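Worksheet: the structure to be examined is printed underneath.
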2 protein chains.
Amino acid sequence: MTDDTPTAPEGRQSGTRQRIQQVALELFAEYGYDKTSLREIAERLGVTKAALYYHFKSKEAIIAAVFEEILEEMDGFIAWTKTQPRTSTARQQIAQRYVESSKGASSVMRLFQENGPAMRELKVGEQMRDRLIDLVNTLTPEHASVPDKLRIRIALFAVQLSRFSMQDVPVEELDAAIVEVVFELLDRVSWE
Amino acid sequence: MTDDTPTAPEGRQSGTRQRIQQVALELFAEYGYDKTSLREIAERLGVTKAALYYHFKSKEAIIAAVFEEILEEMDGFIAWTKTQPRTSTARQQIAQRYVESSKGASSVMRLFQENGPAMRELKVGEQMRDRLIDLVNTLTPEHASVPDKLRIRIALFAVQLSRFSMQDVPVEELDAAIVEVVFELLDRVSWE
DNA sequence: GTCTATAGTGAGATAGAC
DNA sequence: GTCTATCTCACTATAGAC
């Protein structure tokens, strides 16, 4: 997760907005979007609900801000992916970079994964889902077999799964293991 | 199991109790446990909320009933699994039977998967999680490598993932594909 | 076994003082 | 930029009539 930065670098803006996002992400990921009330966010920050509404016009606006960075990063990643050749080695480079960039996004991805019902009603949920579908489609050959389609989906979701299913393993060891398993899944895919 | 029926009509079943469970499962899986109100369940059944409370003492008692059958089935499956030898071929038989029995449980598993925050607060959520952990531990060799641990988790999770990520594919074709991919994942695992 | 009516709670959101 | 105070709404759950 992101580090604390004890003395916030309050440049031109009120750092409160950033602190709201940070606390909101922690609580959303831990207790879920619906079950986290604005009261709880405000209390942890030492302010009142009304203060939140000075910085964000709604609860949904808060989670939108939380997702903003990841969504942009995914856009860049997908755009880059589309420029890559449809070869086996290229796919593996893509996988490696995906595992790499998933490190910083694990809280947001967990939030997205575990809050299906909420994500279906939020704009960020739709945006996130659109990106994942786009990524899967980009990686999947035109006339891929059903097992191949499955391998690609499993490979991508395995990255997220492993992040919060095996937290007792050191990060570097886990990363190496993810890459290994994802590679052997993609290795079976025929890239025509 | 605890009987949650308040006034417990022992003799004949009204049938309403079953219909409540059925409708509740549909709505819980589609809109989520928290977002499905008792009012919606009652309305779809053509009764009032108060009628639900005649058959179940709480909302949680409804979802407990919904999970009851699956939990018992998993208990049986896990018990059987523990009797199986720790060989490659036995593991594949286990996988095949797991895929088979996952067909009828897909709605419940989706509900469990997509409602992380709610499941953390419900008894059935803990029970379900305990079974899955037990299953993973049973299948995982004592000194398995990290990649092997990952392969087993991914294999089990992949079964659920594919059920609601590729609904456009015919069931039999999808089942065959799942078995194929799960087998090749487990094939890499070194047993003992 | 199902109804009407309502208690009790807590959520998101707003108005206006400071 | 943050506060107090309040509004509106929906929910779970209960009481008691029929």
Side-chain angles (χ1 to χ4, degrees), chain A residues 8-25 27-28 30-66 115 117-125, chain B residues 2-25 27-28 30-66 115 117-125:
Chain A
E10 340 241 320
R12 15 241 151 144
Q13 297 269 355
S14 72
T16 302
R17 197 174 203 272
Q18 305 293 327
R19 297 205 311 133
I20 292 171
Q21 291 182 39
Q22 180 195 329
V23 167
L25 173 56
L27 294 178
F28 288 164
E30 174 110 28
Y31 304 107
Y33 175 74
D34 292 315
K35 293 191 132 63
T36 301
S37 65
L38 297 180
R39 197 200 93 247
E40 289 170 306
I41 297 175
E43 260 175 22
R44 183 176 286 207
L45 284 166
V47 297
T48 64
K49 277 190 297 179
L52 302 185
Y53 279 97
Y54 174 80
H55 296 280
F56 296 94
K57 75 170 201 290
S58 67
K59 187 183 183 184
E60 179 160 0
I62 297 180
I63 199 176
V66 166
N115 290 267
M119 290 303 146
R120 254 167 256 147
E121 292 183 347
L122 295 169
K123 282 180 215 93
V124 280
Chain B
T2 52
D3 188 9
D4 289 318
T5 311
T7 342
E10 284 313 318
R12 269 329 286 166
Q13 290 200 353
S14 61
T16 303
R17 198 175 203 271
Q18 302 294 327
R19 298 201 317 138
I20 293 171
Q21 291 183 38
Q22 181 193 330
V23 167
L25 174 55
L27 293 178
F28 287 163
E30 173 108 29
Y31 304 108
Y33 175 75
D34 291 314
K35 294 191 131 62
T36 300
S37 64
L38 297 180
R39 180 186 54 80
E40 289 171 305
I41 297 174
E43 265 175 18
R44 182 174 288 208
L45 284 166
V47 297
T48 63
K49 280 186 294 178
L52 303 184
Y53 279 97
Y54 174 79
H55 296 280
F56 296 95
K57 76 159 195 260
S58 67
K59 187 182 182 183
E60 177 159 3
I62 296 180
I63 200 176
V66 165
N115 290 267
M119 289 304 144
R120 253 167 257 147
E121 292 182 348
L122 294 169
K123 218 168 79 182
V124 282

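Chain letters run A, B, ... following the sequence lines, proteins first, then strands; residues in each count from 1. No experiment lies behind these values; they were computed from the predicted model shown. These values consider heavy atoms only, across backbone and side chains, with no hydrogens, waters or symmetry-generated copies.
- Side-chain contact check for Ile63(A) versus Met119(A): some heavy-atom pair is nearer than 4.5 Å.
- Atoms OG and CG, from Ser58(B) and Leu52(B) in turn, are 11.5 Å apart once rounded to the nearest 0.5 Å.
- Remark: Ala51(A) pairs with Val47(A), Thr48(A) by the side-chain contact (heavy atoms from CB on, under 4.5 Å) rule, at least two apart or across chains.
- Under a 3.5 Å cut-off, the side chain of Asn115(B) and the backbone N or O of Gly32(B) do not form any donor-acceptor pair.
- Smallest separation of non-hydrogen atoms from His55(A) and Arg17(A): O-NE, 3.6 Å.
- Contact between Ala24(B) and Ile41(B) at its shortest, heavy atoms only, is CB-CD1, 4.1 Å.
- Closest to the side chain of Tyr53(A), out of dC3(C), dG12(C), dT4(D), is dG12(C).
- Atom C1' of nucleotide dG1(D) and atom CZ of Phe56(A) are separated by 14 Å, given to the nearest angstrom.
- In the region residues 34-47 of chain B, proximity to DNA chain C at under 4.0 angstrom, judged on heavy atoms, holds for Gly46(B), Val47(B).
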I'd like a list of close polar pairs between nucleotides 7-9 of chain C and the protein, N/O only, cut-off under 3.5 Å.
none

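- Panel note: side chain Arg44(B), backbone Leu27(B); no donor-acceptor pair is recorded below 3.5 Å.
- For residues 47-64 of chain A, the pairs satisfying salt bridge (charged side-chain N to carboxylate O under 4.0 Å, His left out) are Glu60(A)-Lys123(A), with sequence neighbours left out.
- Between dT2(C), dC3(D), dT12(D), one nucleotide has an atom nearer to the side chain of Lys59(B) than all others, and that is dT12(D).
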Collect all protein-nucleotide pairs involving nucleotides 16-18 of chain D in which both atoms are nitrogen or oxygen and the distance is under 3.5 Å.
none

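- Side-chain atoms of Gln18(B) do not come within 3.5 Å of backbone N or O of Gly15(B) as any donor-acceptor pair.
- When the side-chain nitrogen and oxygen atoms of Thr16(B) are compared with OP1 and OP2 of dT2(C), one or more of them lie within a distance under 4.0 Å.
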The dot-bracket string of DNA chain C, counting Watson-Crick and G-U wobble pairs with both distances under 3.5 Å, using [ ] for crossing pairs and | for pairs to another strand, is ||||||||||||||||||
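- Under 4.0 angstrom from either OP1 or OP2 of dC3(C) there lies at least one side-chain N or O belonging to Thr48(B).
- Regarding contacts with the backbone of dG1(C), a side-chain N or O of Tyr54(B) is found under 4.0 angstrom from either OP1 or OP2.
- In this structure, Thr16(B) OG1 and Tyr54(B) OH are separated by 9.5 Å, a value rounded to the nearest 0.5 Å.
- One interatomic measurement links the two molecules: OH of Tyr31(B) to P of dC11(D), which rounds to 14 Å at whole-angstrom precision.
- The number of heavy-atom neighbours closer than 6.0 Å to OH of Tyr31(A), taken from other residues, nucleotides and ligands shown, is 12 or below.
- The OG1 atom of Thr36(B) sits 10.5 Å away from atom CG of Leu25(B), with the distance rounded to the nearest 0.5 Å.
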